Amino acid sequence: MDSIIFDLDGTLWNPLDVSVAVWNKVLADNGVEKTLTKDDLRGVMGLQADRVGEKLFPHLSKGQCTKLTEESSELECVYLRQQGGELYAGVKSVLERLSQKYNLYIVSNCQEGYIESFYEYHGLDKHFVDFENPGRTGLSKGENIQLLMERNGVECAVYVGDTQGDREAAELAGIPFVYAAYGFGDANGYDHRIESFDGLLELFD
């Protein structure tokens with residue numbers, strides 16, 4: 001194995017405090033009488049933007065959902081650059097150790113600018129070679145993993161994530177899946193399971 005590819009939300013950090021504040025500001029600004037909770041957002045983590053709006057606001061039109069999602073996505077990047085999210089325990093030290101042995105990457109179902117916000121606030125870009133997301137490509141997570149691997153000549157990698165969608169993306173890309181059981185979601189199958197981020201050191205250090 002030469003590379004480790006990471007999901008972001010629920011794997012490297014928990015951005016829910018910032019995300020829920022952003023969403024509720026956008027809803028209020030648009031006159032939508034609904035207040036979201038962290039549990040509401042936890043249930044849509046890992047989904048692509050078009051599905052987020054549909055799931056959170058089934059009573060609204062597609063156009064309304066798109067408007068709310070786009071405004072929230074743009075403001076979320078601004079807030080995260082200023083406040084960051086909550087890194088999971090050990091992320092900084094574990095990434096530093098792993099980056100000495102492997103090429104590290106991020107593939108997340110997020111908007112353009114989101115991974116850059118993660119990099120900028122926490123100063124972790126130095127550990128990663130490249131990243132990809134559907135905000136830039138319009139592709140699914142599995143397709144983005146394939147694209148990133150082809151672009152960087154990655155021959156043997158694993159994907160680390162916390163949801164069933166992450167497992168399916170790894171399967172589509174033809175690489176093993178490491179399930180981050182401490183994250184937001186569940187996965188019905190995996191090649192490896194970690195209960196905390198530093199569990200990666202037991203597998204790959």
Side-chain angles (χ1 to χ4, degrees), residues 1-15 45-49 51 85 87-120 122-205:
M1 190 180 79
D2 54 37
S3 303
I4 303 175
I5 308 170
F6 293 93
D7 170 51
L8 182 46
D9 294 338
T11 301
L12 294 171
W13 73 351
N14 178 347
M45 284 293 177
L47 298 181
Q48 288 191 241
R51 294 186 59 203
L87 293 179
Y88 288 109
V91 163
K92 286 189 175 182
S93 60
V94 171
L95 288 177
E96 185 170 2
R97 285 179 63 175
L98 291 175
S99 66
Q100 294 170 15
K101 189 174 181 181
Y102 305 99
N103 291 323
L104 307 183
Y105 304 90
I106 295 176
V107 173
S108 174
N109 269 349
C110 60
Q111 65 271 29
E112 191 168 6
Y114 188 85
I115 297 173
E116 293 92 326
S117 297
F118 166 76
Y119 282 167
E120 185 171 323
H122 294 288
L124 294 172
D125 54 309
K126 60 188 175 184
H127 298 309
F128 293 93
V129 177
D130 196 3
F131 67 89
E132 199 50 270
N133 60 73
R136 224 164 46 168
T137 67
L139 301 174
S140 71
K141 181 173 281 188
E143 291 169 325
N144 277 324
I145 293 174
Q146 290 178 317
L147 175 64
L148 179 140
M149 290 178 67
E150 291 168 5
R151 186 165 69 215
N152 292 280
V154 175
E155 296 184 358
C156 188
V158 298
Y159 187 66
V160 184
D162 66 307
T163 67
Q164 180 67 13
D166 292 332
R167 186 197 73 78
E168 293 169 357
E171 185 176 26
L172 188 150
I175 60 176
F177 175 59
V178 180
Y179 171 45
Y182 56 83
F184 296 136
D186 298 307
N188 294 331
Y190 46 83
D191 298 283
H192 304 283
R193 175 188 175 109
I194 54 173
E195 301 296 333
S196 61
F197 194 76
D198 61 7
L200 289 171
L201 296 179
E202 297 176 19
L203 294 175
F204 304 123
D205 191 23

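Note that this is a predicted model, so its numbers are computed, not measured.
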query: Any side-chain heavy atom of Met1 within less than 4.5 Å of one from Tyr102?
result: yes
- prompt: With no hydrogens and no angle check, is any side-chain donor or acceptor of Tyr159 less than 3.5 Å from a backbone partner on Val107?
  reply: yes
Partner residues of Arg97 under the side-chain contact (heavy atoms from CB on, under 4.5 Å) criterion, sequence neighbours left out: Leu201, Asp205
- prompt: Given the rule in the side chain to side chain contact (heavy atoms under 4.5 Å, CB included) test, do Gln146 and Leu172 qualify, once you have shown the distances and angles that lead to the verdict?
  reply: CA-CA 8 Å; Gln146 290 178 317; Leu172 188 150; 3.4 Å; yes
Distance, nearest 0.5 Å, that separates CZ of Phe118 from CG of Leu8: 5.5 Å
Residue pairs involving residues 155-169 (criterion salt bridge (Lys or Arg N to Asp or Glu O under 4.0 Å); sequence neighbours excluded): Lys141-Asp166, Arg167-Glu171
field: side chain to side chain contact (heavy atoms under 4.5 Å, CB included) between Leu200 and Val160, intermediate numbers included
entry: CA-CA 9 Å; Leu200 289 171; Val160 184; 4.1 Å; yes
query: Would you find a donor on one side and an acceptor on the other, under 3.5 Å apart, between the side chain of Tyr182 and the backbone of Thr11?
result: yes
statement: Across all chains, not counting sequence neighbours, the ring pair (Phe, Tyr, Trp, His ring centres under 6.0 Å) partners of Tyr119 are Phe128, Phe131
query: Would you call Phe184 and Asn14 a side-chain contact if the rule is heavy atoms closer than 4.5 Å?
result: yes
- line: Looking only at heavy atoms, the pair that brings Tyr88 and Gly183 closest together is OH-CA, 4.3 Å
message: Between Phe197 and Leu95, does the side chain to side chain contact (heavy atoms under 4.5 Å, CB included) criterion hold? Intermediate values first, please.
response: CA-CA 10 Å; Phe197 194 76; Leu95 288 177; 3.9 Å; yes
- request: Can you see which heavy atom on Ser108 is nearest to which on Pro134, and at what distance?
  value: O-CD, 3.1 Å
message: My understanding is that only residues two or more places apart in sequence, or in another chain, count here; which of them pass side chain to side chain donor-acceptor pair (under 3.5 Å) with Tyr179?
response: none
- line: Of all heavy-atom pairs linking Ala187 and Phe177, the shortest is CB-CE2, 3.9 Å
query: CG/Leu12 to NE2/His127 distance, rounded to the nearest 0.5 angstrom?
result: 11.0 Å
query: How many angstroms lie between atom OG of Ser99 and atom NZ of Lys126, to the nearest 0.5 angstrom?
result: 9.0 Å
field: Summary of salt bridge (Lys or Arg N to Asp or Glu O under 4.0 Å) pairs that have at least one residue in residues 173-198, sequence neighbours excluded
entry: Arg193-Glu195
message: Within the 4.5 Å heavy-atom criterion, are Val158 and Ile175 side-chain neighbours or not?
response: no
query: Looking at CG of Asn133 and SG of Cys110, how far apart are the two atoms once the value is rounded to the nearest 0.5 Å?
result: 4.0 Å
message: Counting C-beta onward and ignoring hydrogens, is there a side-chain heavy-atom pair between Asn103 and Asn152 closer than 4.5 Å?
response: no
- request: Quick one: pull up CD1 in Ile106 and CD1 in Ile4 and give me the separation to the nearest 0.5 Å.
  value: 12.5 Å
message: Please enumerate all residues that pass side-chain contact (heavy atoms from CB on, under 4.5 Å) together with Leu147, with sequence neighbours excluded.
response: Glu132, Thr137, Leu139, Asn144, Arg151
Glu116 side-chain N/O to Gly113 backbone N/O, donor-acceptor pair under 3.5 Å: yes
query: Side chains of Val91 and Leu124: does their closest heavy-atom pair fall under 4.5 Å?
result: yes
- prompt: Considering all heavy atoms of both residues, which atom of Ala157 and which atom of Pro176 are nearest to each other, and what is their separation?
  reply: O-CD, 3.2 Å
query: Rounded to the nearest 0.5 Å, what separation is found between the OG atom of Ser140 and the CD1 atom of Ile145?
result: 8.5 Å
message: Using every non-hydrogen atom in the two residues, find where Gly142 and Ala173 come nearest and quote the distance to one decimal.
response: O-CB, 4.1 Å
query: Quick one: does Gln164's side chain have a donor or acceptor within less than 3.5 Å of a partner on Gly185's backbone?
result: no
field: Min side-chain heavy-atom separation Ile194-Glu202 under 4.5 Å
entry: no
